[in-house]
Amino acid sequence: MNALGVGSWVLEIIAVGVILAGCGGSSHVTGRVTKLENGPLAGAHVTIDGVRIHRESVTDAAGRFEFPALTAGAYNLKAEMPGYVMETRPGVAVARGATATADFVLHPACLEEGSYVDGGLSWGLQAAQAILHVRIGAASAADRWIVNDLCVVGIDHTATVISILNMGQESGSIPATIHIVKDGRTPLGRGEEYVAFLRWEAAIGRYRPIAGPIFMIPVRDDKVVWNRTDTPTIRDGEDVSKAMAALYALLKR
């Protein structure tokens with residue numbers, strides 16, 4: 001074979017190698033699955049779907065997963081774990097020879113409604129960390145919150161503090177505007193007023209009614225809408241100031 005023939009053969013090999021390299025430059029999708037309260041979620045089931053492809057993976061101890069040797073294109077990913085709400089990442093674009101990242105934060109599955117036990121006014125006075133006359137402001141969309149290791153679906157409201165029932169030294173640290181998380185997906189009405197029996201939930205940095213709607217006493221035209229039978233000193237239609245004073249008297253017994 002002459003030098004020209006050898007040179008042509010070498011060029012053909014190089015050309016084929018370049019083509020194969022371009023076609024074989026596989027793409028990857030990697031990511032991490034964590035839980036709402038921060039931390040890796042090992043054992044989560046992750047699937048990836050694209051054109052003529054369906055693969056599955058399970059996250060490792062660090063919550064990581066990887067799908068190697070993919071062709072360029074768009075993929076739909078899904079992360080699932082028993083006891084958690086499924087999350088999807090549709091249309092994850094992967095360029096040729098590149099690595100795309102798709103991370104997931106899974107929320108614990110939880111009931112949207114809870115049953116509340118009315119322990120009576122005496123219990124409510126003792127259980128509440130603050131009893132406030134508040135006016136409701138803006139409300140957020142429903143979200144999930146981890147409270148005492150339990151999942152709560154609730155809505156965060158800003159609220160203006162109109163007056164405070166004196167409950168000790170900590171009462172003086174309550175700001176003029178606070179946040180109240182109400183369980184469920186139905187918000188309180190903007191501008192509505194309540195005498196609210198609240199406790200501070202450090203895990204979410206918000207106040208929360210001690211027994212759902214039971215101890216959110218409506219106020220209309222500066223009068224309490226009072227339907228309790230265990231408070232003979234407070235009547236429906238009582239002035240808020242008188243009702244708060246009566247509650248304080250009961251608290252100090």
Side-chain angles (χ1 to χ4, degrees), residues 36-38 107-108 110-228 231 234 236 238-248 250-251:
L36 178 63
E37 56 270 37
N38 296 323
H107 298 252
C110 54
L111 297 176
E112 297 180 10
E113 297 181 4
S115 60
Y116 299 103
V117 177
D118 187 347
L121 183 64
S122 296
W123 169 83
L125 287 167
Q126 297 300 324
Q129 293 173 305
I131 302 176
L132 312 175
H133 177 197
V134 298
R135 181 181 299 113
I136 302 300
S140 71
D143 202 353
R144 292 173 174 83
W145 311 82
I146 302 300
V147 180
N148 300 326
D149 295 324
L150 298 175
C151 178
V152 174
V153 173
I155 296 177
D156 178 28
H157 303 76
T158 59
T160 300
V161 177
I162 299 172
S163 62
I164 300 174
L165 179 61
N166 183 13
M167 303 212 35
Q169 297 179 351
E170 294 183 2
S171 298
S173 64
I174 297 174
T177 300
I178 63 172
H179 287 264
I180 299 175
V181 172
K182 171 188 172 291
D183 292 8
R185 292 183 176 272
T186 304
L188 300 169
R190 189 181 183 115
E192 292 179 352
E193 295 183 15
Y194 295 88
V195 175
F197 288 58
L198 306 172
R199 66 171 157 236
W200 177 257
E201 301 288 2
I204 62 176
R206 303 285 192 272
Y207 285 100
R208 186 164 166 242
I210 62 168
I214 295 173
F215 286 100
M216 290 285 286
I217 310 301
V219 175
R220 298 194 183 102
D221 298 324
D222 211 34
K223 312 267 186 201
V224 293
V225 180
W226 200 263
N227 58 7
R228 302 193 65 87
T231 55
I234 305 174
D236 186 52
E238 197 83 67
D239 289 340
V240 176
S241 57
K242 290 183 180 179
M244 295 282 272
L247 289 170
Y248 180 71
L250 290 170
L251 178 67

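The analysis underlying the following values was restricted to heavy atoms, covering all of them including side chains, and did not include hydrogens, waters or symmetry mates. Note that the structure is predicted; figures quoted are calculated from it, not measured.
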**Request:** Give the C-alpha distance, both sets of side-chain angles, the deciding distance and a yes or no for side chain to side chain contact (heavy atoms under 4.5 Å, CB included) between Phe215 and Ile131.
**Result:** CA-CA 10 Å; Phe215 286 100; Ile131 302 176; over 6 Å; no
**Message:** Determine whether Phe197 and Leu121 satisfy the following criterion, side chain to side chain contact (heavy atoms under 4.5 Å, CB included), listing intermediate values before the conclusion.
**Reply:** CA-CA 10 Å; Phe197 288 58; Leu121 183 64; 3.9 Å; yes
**Asked** Going through the distances and angles, do Thr158 and Ile136 end up as a side chain to side chain contact (heavy atoms under 4.5 Å, CB included)?
**Response** CA-CA 6 Å; Thr158 59; Ile136 302 300; over 6 Å; no
**Residue pair Arg199, Glu201: steps toward the salt bridge (Lys or Arg N to Asp or Glu O under 4.0 Å) verdict** = CA-CA 6 Å; Arg199 66 171 157 236; Glu201 301 288 2; 3.2 Å; yes
**Item:** Residue pair Arg144, Val152: steps toward the side chain to side chain contact (heavy atoms under 4.5 Å, CB included) verdict
**Value:** CA-CA 6 Å; Arg144 292 173 174 83; Val152 174; over 6 Å; no
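Counting heavy atoms from C-beta outward, Val134 and Val219 have side chains that stay 4.5 Å or more apart. Contact of the Ile217 side chain with the Val225 side chain is not registered, since no non-hydrogen atoms from C-beta on lie closer than 4.5 Å. Counting heavy atoms from C-beta on, the side chains of Val147 and Ile204 come closer than 4.5 Å. Looking only at side-chain heavy atoms (C-beta outward), Ile234 and Leu247 come within less than 4.5 Å of each other. Side-chain contact between Glu193 and Pro218 is absent, with no heavy-atom pair separated by less than 4.5 Å. Side-chain contact between Ile178 and Val161 is present, with heavy atoms from C-beta onward closer than 4.5 Å.
Put simply, CG on Leu250 and OG1 on Thr231 are 7.5 Å apart, with the number rounded to the nearest 0.5 Å. Taking OG from Ser241 and CD1 from Ile162, the interatomic distance works out to 12.0 Å, rounded to the nearest 0.5 Å. Atoms NE2 and OG, on His179 and Ser140 in that order, are 9.5 Å from each other to the nearest 0.5 Å.
For the salt bridge (Lys or Arg N to Asp or Glu O under 4.0 Å) condition, the pairs that include at least one residue of residues 116-126, sequence neighbours left out, are Asp118-Arg228. For the ring-ring contact (aromatic ring centres under 6.0 Å, His included) condition, no pair includes a residue of residues 118-146, sequence neighbours left out. The list of salt bridge (Lys or Arg N to Asp or Glu O under 4.0 Å) pairs with a residue in residues 216-226, not counting sequence neighbours, reads Lys223-Asp239.
Considering only residues two or more places apart in sequence or on other chains, Ser163 meets the side chain to side chain donor-acceptor pair (under 3.5 Å) condition with none of them. Not counting sequence neighbours, Tyr194 has no partner by the ring pair (Phe, Tyr, Trp, His ring centres under 6.0 Å) test.
Between Val153 and Ala142, the closest heavy-atom pair is CG1-CB, 4.5 Å. Among all heavy-atom pairs drawn from Ile180 and Ala159, the shortest one is CD1-CB, 3.9 Å.
His157 places a side-chain N or O within 3.5 Å of a backbone atom of Leu188 that can act as its donor or acceptor partner.
Screening Ile174, Leu165, Val195 against Leu132 for a side-chain contact (heavy atoms from CB on, under 4.5 Å) leaves a single residue, Ile174.
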Just distance, no hydrogens or angles: give the donor-acceptor pairs under 3.5 Å from side chains in residues 205-214, sequence neighbours left out.
{"from": "Arg206", "atom 1": "NE", "to": "Asp156", "atom 2": "OD1", "distance (Å)": "3.4"}
{"from": "Arg206", "atom 1": "NE", "to": "Asp156", "atom 2": "OD2", "distance (Å)": "3.2"}
{"from": "Arg208", "atom 1": "NE", "to": "Asp183", "atom 2": "OD1", "distance (Å)": "3.0"}
{"from": "Arg208", "atom 1": "NH2", "to": "Asp183", "atom 2": "OD2", "distance (Å)": "2.9"}

